[in-house]
Amino acid sequence: MVSDFLRERYARLFGEGFLRHLKDPVRPALRVNTLRTDEGTLVERLRDKGFRLEKVPWTGCGYWIESSPFSPGATTEYLLGHYLLQDPASQYACETLGPRKDDLVLDMAAAPGGKTTHLAQLLEGTGTVVALDISRQRMRSLRSNLSRMGVENCLAFRMDARDAGELGLEFDRVLLDAPCTGTGTAFKNPEALEKDEKDLEKTVPLQLELIKAGAGVLKKGGTLLYCTCSFLPEEGEMVVARAVGEHGLEILDIGEGEPGLSSPYGMELPEEVERTRRFFPHRHGTQGFYMARLRKV
Ligand code: SAM
């Protein structure tokens, strides 16, 4: 079931024991939507309905759902947009990007809008989030999430984010939640176990082009957050190391997570890639996730 390619890669990167954890269950999590409600009210309402929740200590308003009497996507509060089901590492990505009031923020690969709606929430209704995605179908989900979550400070366009320069705008913050192999989501998507080098041949060139476009529209001194739900350094540290060398970016520290790999497969990447962060299902209670916080110098 696990492709030979991944089996070999994972053993070299993380040791043989890692394979055992690939299908470990990961608790679902929610993010309180403070555009619609406040944390105390929502938590009380869900606990009254029989939800058992545990606060994620390193996110602003994320909770793991320990158990619930029925599907967490079938409550009145969910339909009213009081919360979104969202992995804690994804929540942490937007918080790490750190949009400030009145910022102009670009979300380059936005649909279905988990992170777009969070960025809008962090802006507290000020500034603007420009949300791009290439997929017509996924844009529909994005628009419906914007409306359910009460987001009013977002402009959403279906377009190829490699053409972001055509917008003629410079952004304070850029989020690139890059299309990737999704190998970090094997616990819920078994097909993620079957990925191999052919998949990387599609994702990596696109990631390199997207990060170049993102750096191109970022203001000097502005911040770009690059992330993927992949365990593979080909889509993480190796993309970031190239982007830093080619597009005038520097790597900033991130608090939570484990250091990025500076010598994957025995390669020599710049030591600063250790400032980037990795998240693991069996250690952080999240999907497999990678993030890098980059500043344009
Ligand atoms: N950020 C989203 C969220 O948190 O809900 C998830 C984004 S998903 C990881 C990657 C997205 O990239 C997909 O929706 C896909 O349609 C989009 N995509 C792929 N190629 C793209 C391109 N060239 N320009 C813009 N979006 C692209």
Is the closest side-chain donor-acceptor distance between [X] and [Y] under 3.5 Å?
X: T203; Y: E235; result: yes
X: T286; Y: Y92; result: no
X: R31; Y: T117; result: yes
X: Q121; Y: T34; result: yes
X: D107; Y: T116; result: yes

Q: Could you pull out all residues at least two apart from R283 that satisfy salt bridge (Lys or Arg N to Asp or Glu O under 4.0 Å)?
A: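 Checked R283 against salt bridge (Lys or Arg N to Asp or Glu O under 4.0 Å); matches are E258.
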(Q) Given the ring of F231, does R278 sit roughly above its face, with NZ or CZ under 6.0 Å from the centre of the six-membered ring and within 45° of the axis? (A)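 The answer is no; the distance or angle limit is not met.
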Q. Would R148 count as a cation-pi partner of Y78, with NZ or CZ less than 6.0 Å from the six-membered ring centre and within 45° of the ring normal?
A.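 Yes, a cation-pi geometry.
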Q) Counting heavy atoms not belonging to E191, are there more than 12 under 6.0 Å from its CD? A)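 Enclosed.
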(Q) Looking at E197, I want to see if its CD is surrounded by more than 12 non-hydrogen atoms of other residues, nucleotides or ligands under 6.0 Å. (A)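 Buried by this count: over 12 neighbours within 6.0 Å.
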(Q) Show me the pairs that pass ring-ring contact (aromatic ring centres under 6.0 Å, His included) and involve residues 151-187, at least two apart or across chains. (A)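 Non-adjacent pairs meeting ring-ring contact (aromatic ring centres under 6.0 Å, His included): zero.
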Q. Just by modelled atom types, is the T223 backbone N or O under 3.5 Å from a matching donor or acceptor in the R295 side chain?
A.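 No; judged by distance alone, with no hydrogens or angles, the pair does not exist.
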Q) With a 4.0 Å cut-off, would you call E124 and K101 a salt bridge? A)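 Counted as a salt bridge, because a side-chain N and a carboxylate O are separated by less than 4.0 Å.
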Q | Carboxylate-amine/guanidinium proximity below 4.0 Å for R277 and E256 | A |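 No salt bridge links R277 with E256.
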Q: Show your working on salt bridge (charged side-chain N to carboxylate O under 4.0 Å, His left out) between E170 and K219 and close with a plain yes or no.
A: CA-CA 5 Å; E170 278 204 313; K219 281 185 190 164; over 6 Å; no
Q) What about Y83 and Y63, are their ring centers closer than 6.0 Å? A)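 Between Y83 and Y63, the centre distance exceeds or equals 6.0 Å.
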**Q.** Spacing of M159 atom CE and M108 atom CE [to the nearest 0.5 Å]
**A.**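 Here the interatomic distance stands at 8.5 Å.
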**Q.** Residue pair N153 / G127: nearest heavy atoms and the distance that separates them
**A.**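 Looking at all heavy atoms of both residues, the shortest contact is CB-O, 3.4 Å.
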Q: Tell me, with the steps shown, if E66 and R27 meet side chain to side chain contact (heavy atoms under 4.5 Å, CB included).
A: CA-CA 7 Å; E66 299 291 332; R27 290 168 290 177; 2.5 Å; yes
